[in-house]
Amino acid sequence: MPDLESTTRYDPTEVEPRIVEKWLQSGLFHPDAEGTPEQTYSIAIPPPNVTGVLHMGHALNNTIQDCLVRYHRMLGQRTKWIVGTDHAGIATQAQVERALAAEGTSRQELGRERFVERVWEWRARYGGTIIEQLKRLGASADYDSERFTLDDEYAQAVLKVFVSLYEKGYIYRDRYMVNWDPGTGSAISDLEVEQREVRDTLYYIDYPLASGSGAITVATVRPETMLADSAIAVHPDDDRYRRLIGEKAILPLVGRKLKIIADEYVKPEFGTGALKITPAHDPNDFEIGRRHGLAQPSVIGEDGRITDEAPERFRALTIAEAQRAVVAELKEQGLLARTEPHEHTVPFSHRSGQRIEPLISLQWFMAMDELARPAIEAVTSGRVRFHPENQAKVYLDWMENIRPWCISRQLWWGHQIPVWYRDLETYVGMEPPRGEGWQRDPDVLDTWFSSALWPFATLGWPRDTPDLRAFYPTDALVTARDIIFLWVARMIMMGLEFTGTEPFSDVHITPIIQAPDGRRMSKSLGTGIDPLDLIEGGSRPPVYGKSSGGDSGESPGGDPGEFPAYGADAVRWGLLAMSSGQDVSFSEDKVAQGQQLTNKLWNAARLILLGVGRDVRAAATPNAVEDRWILSRLARARAELAARIDAFDFSHAALGVYDFIYGELCDWYLELVKPRLRAGEPELAATLLYVLTETVALAHPLIPFETEEIYSHIPGTEGLLAGRVNDLAAAVEADAAAEAEVQRAIEAVQALRSWRNMAEVRPGATVAARLDAPGYDATLEHIARLGRLSLNGTAEGEPVATIPIPGGSVQILPSAELDLGGAQSRLEQRRNKLRDEIGRAEGKLANSGFVAKAPAQVVQAERDKLERLRAELAAL
RNA sequence: GGGCGCGUAGCUCAGUGGGAGAGCGCUCGCUUCACACGCGAGAGGUCGCUGGUUCGAGCCCAGCCGUGCCCACCA
């Protein structure tokens, strides 16, 4: 426990680990399964990969969720944040395979059973990393019921869903064109493919006509696939080729005859206007082939080598070798008309980074149309709301054009498909079939298949559990937009299909945090920051030079190659503050601002706690106008924060809390009450404790650690702030009169300070003055003290300066302290500025259109302003 | 090709029709008994460009320029 007296700097590294332990031991994050989903509040975390380590996206996403969860918990709702990890088929398998390679072995050598055991061992040892990091961030999730998408119970849910959808006919097996990823040796879904710009060579190849009279020239970037050509297509209206439709051409190197067909797909202006058709190795050709009933010879196998369907001399070559061989032979035969460079987009695997090989393969698919229909309706009806709203359009566009989902993966780590084969028989079920000779399908399901069940499978579905009854459907889902299709859409579809309700009502799409130069944050680019390095201090990547602005060079204190230990609260506040818009650049300044806030709050707490006795108890007992003012401002801050959290507007929520603590509590209230605090006024002490308690309660969802720590120092508090239920019914209400009165005083003090600076009055000097304005009775002493005036009501004499304040002016009287001689140029500057503004206001009021059409209130405000400016100029 | 954003102070960003703001950086002043990683006061913006609507535009409309992301089967 830090000694308040001596700890003038808030030290998160001492406080935070201690508070984490308190929270975890309290059991506060593990709610009993009671109440109805309407009464409770629940969020299912987007399960991080079990291989994952916390990155900035996780940090932001989980800060937002924690903010929501803590806020609702303090409203008194039974709150559950479902937490766990995803088995992440490809990523995890790849990780363990790398480890095996380092040991000089491989998964093939181990065999499937032993390999899967090894992955479980790996998970037991390393799989908890990200969960521990979430705890360090302050995430108040239900760690006591951590879930894993490959747990036995979860697996039952997955199998049941598969079997059910199979029985409905939605899941089926088909030979179809898939995205084959040679890197992982598996098919992958459309969503795991990314298009990249590539510079290729476009080869123009002559295909001799069977009639012997000339040739038809086609253009292709994949000459090796010609070995699997089954037709040539031209546009039906293309006059150059119309006469050739129905004729045949000879496929070079192979000798097969190819029919020349007409298809609207062909773009006459591209290449030669003649397209070679390779149904087995190109998605478009596949469709054209189906339309025309063409054969689908396949010359590239799943091993990325040329198959036996190609002429013998090409067999077993790799794709690159085959391309070289084909091109060389074409050249030799004089059939390569020409080549040209060609830029186009090409599919690559998001998983392995390798170029996708489109080929026809026997895979499991899920038909999506029937599932999509109610999921579309869920959003158009408003039962599921996106924040920001325009993301709903992205979702709907995709859902309305949804295509079948390839769900089988040629991996070992995952949910093995519950299908068994025996000769021509197929058995689908949750349990293996009886009898001998059955072989189970070796493939596993796409990881996203199991993730799609996350909100209900984690609560025990398909069993009817108390957790499910209490917490499902969940309330909010917080995620980034890159997995709207992969995950969010599929959860809505599965939730509706299997539970009959939407799995959540609100989807908050977080911004994506970019590196300061606008690029993605990524380890390989060197643009990634480990949030733990910000929290606990750690290495600063070179692209994050110390402080973006200025050219001060020297960084006072600390290694420029290291981040200071900002603490989790500062990182959380900074991330929230920077999270407006759909893409944001990471701003270390915002984290630093968060650190300032924690330090400011810490010192405010010291002032209060060290200034009042240990026997005082918090109570709102206002004894002066400033007390009523701060209580009113607090009420407004609370209402604003609630509205902003309800609207998922976290950046304004964070900035609003900052403004309240900094701009109102510290800058004004604490300064105003200092004399009374020293005088030991008991009502003030109680009010200060009340304000401090309510302030830490207000800020707790954003900066939970420090507020929890301060709360423990407040006399009379019991238990944890995280578990405190805010008694909103007993809260003090806004007091507009007090707010107006103190606001005038603030503006008067600011005007006085500004004048003193401008007139170069010695800072410590107290200046004789006379107040000439009504409405300052309750704040006169404050104005005198903070403006350093000697306000003698009966003082006579000609003023040497008149300072306008709301409602009137302060007249400065001559005294030995004053020498206005040196300030003439600054005064003249001010006069010029006033003349400019007066000119502008006069112009506006001289405009008859303005006076006639603008609302009377606006016109009057302009007149008042003009009067004020004239008065100030006259007084200077 | 379609869609969604963004362009406001040196930097990062607020600001959806009536006096251009915050944090950092910069300047000046202050060892004021919570905080010098502090306090007070300032300087600094033709609000990307061009038109339009309006008494009035950073804000609404159209076009353009720049920039980021998502979706899409042009060999």
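We name chains A, B, ... by the order of the sequence lines, and we start the count at 1 in each one. Keep in mind it's a predicted model, so treat the numbers as computed, not measured.
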Tell me what [X] touches on the nucleic acid: a base, only sugar-phosphate, or nothing, going by heavy atoms under 4.0 Å.
X	result
A/Phe485	sugar-phosphate
A/Val851	nothing
A/Arg403	sugar-phosphate
A/Val858	base
A/Ser580	sugar-phosphate
A/Pro763	sugar-phosphate
A/Glu287	nothing
A/Ala604	base
A/Tyr662	sugar-phosphate

Ignoring the backbone of [X], work out which of [options] is nearest its side chain.
X	options	result
A/Asn599	B/rG23, B/rC4, B/rC37	B/rC37
A/Pro855	B/rG23, B/rG18, B/rA34	B/rG18
A/Arg606	B/rC35, B/rA72, B/rG40	B/rC35
A/Asp667	B/rA75, B/rC55, B/rC39	B/rC39
A/His652	B/rA20, B/rG68, B/rA14	B/rA14
A/Gln595	B/rC74, B/rC4, B/rC37	B/rC37
A/Ser585	B/rA34, B/rU12, B/rG40	B/rU12
A/Asn284	B/rU12, B/rC73, B/rA34	B/rC73
A/Lys393	B/rA14, B/rU12, B/rG3	B/rG3
A/Ala854	B/rC69, B/rC73, B/rG18	B/rG18

> Hey, does the side-chain of A/Glu671 have a donor or acceptor N/O within less than 3.5 Å of a partner on the base of B/rA34?
Replying inline: yes
> Do A/Lys674 and B/rA34 have a side chain to base donor-acceptor pair shorter than 3.5 Å?
Replying inline: yes
Nearest-angstrom distance from the residue atom [atom1] of [X] to [atom2] of [N]:
X	N	atom1	atom2	answer
A/Asp583	B/rC13	CG	P	10 Å
A/His713	B/rA34	NE2	P	18 Å
A/Met578	B/rC13	CE	P	10 Å
A/Leu601	B/rG38	CG	C1'	16 Å
A/Asp589	B/rG23	CG	P	12 Å
A/Glu862	B/rG19	CD	C1'	7 Å

>> Using a 6.0 Å distance limit plus a 45 degree cone around the ring axis, check whether A/Lys267 lies over the aromatic ring of A/Tyr265.
In response: yes
Tell me whether the side-chain N/O atoms of [X] come closer than 4.0 Å to OP1 or OP2 in [N].
X	N	value
A/Gln593	B/rU12	no
A/Asn757	B/rC28	no
A/Thr8	B/rC35	no
A/His344	B/rA75	yes
A/Lys600	B/rC39	yes
A/Gln391	B/rC70	no

Please write out each protein N/O paired with an N/O of nucleotides 56-59 of chain B under 3.5 Å, distance rounded to 0.1 Å.
none

Aromatic ring pairing [X]/[Y], orientation class (parallel under 30°, perpendicular over 60°, tilted between):
X	Y	answer
A/Phe650	A/Phe648	perpendicular
A/Phe386	A/Tyr395	tilted
A/Tyr10	A/Trp602	tilted

Between [M] and [N], how far apart are the [atom1] atoms? Round to whole Å, please.
N	M	atom1	value
B/rA14	B/rC6	C1'	14 Å
B/rA43	B/rC37	P	26 Å
B/rA62	B/rC24	P	39 Å
B/rA57	B/rG48	P	15 Å
B/rG66	B/rU50	C1'	15 Å
B/rU53	B/rU12	P	36 Å
B/rC13	B/rC33	P	38 Å
B/rG29	B/rA34	P	25 Å

Any strand: nucleotide that pairs with [N] via Watson-Crick or wobble, under 3.5 Å:
N	value
B/rC55	B/rG18
B/rA41	B/rU27
B/rU50	B/rA62
B/rG5	B/rU67

> Roughly how far apart are A/Leu275 CG and A/Asp285 CG, rounded to 0.5 Å?
Replying inline: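 Result: 5.5 Å between the selected atoms.
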> To the nearest 0.5 Å, what is the distance between CG (A/Leu359) and OG1 (A/Thr278)?
Replying inline: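 Rounded to the nearest 0.5 Å, the CG-OG1 separation comes out at 13.0 Å.
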> Are A/His350 and A/Glu194 close enough that a side-chain donor and a side-chain acceptor fall under 3.5 Å?
Replying inline: yes
>> Under a plain distance cut-off of 3.5 Å, with no hydrogens placed, do A/Asp864 and A/Gln860 share a side-chain donor-acceptor pair?
In response: yes
> Should A/Leu692 and A/Leu609 count as side-chain neighbours, where that means a heavy-atom distance under 4.5 Å?
Replying inline: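 Yes, at least one pair of side-chain atoms sits under 4.5 Å.
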> Can you check whether A/Glu224 reaches A/Ile319 side chain to side chain, under 4.5 Å on heavy atoms?
Replying inline: yes
> Pick the nucleotide of RNA chain B nearest each of A/Glu343 and A/Trp602; which residue has the one closer to the 5' end?
Replying inline: A/Trp602
>> Here's a test of your reading of the structure: between A/Ser754 and A/Arg9, which maps to the more 5' nucleotide of RNA chain B?
In response: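 The residue mapped nearer the 5' terminus is A/Arg9.
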> Out of A/His235, A/His344, A/His342, which residue meets the ring-ring contact (aromatic ring centres under 6.0 Å, His included) rule with A/Phe270?
Replying inline: A/His342
>> Run A/Glu862 and A/Lys865 through salt bridge (Lys or Arg N to Asp or Glu O under 4.0 Å) and show every step you take.
In response: CA-CA 5 Å; A/Glu862 198 65 25; A/Lys865 176 182 157 194; 3.7 Å; yes
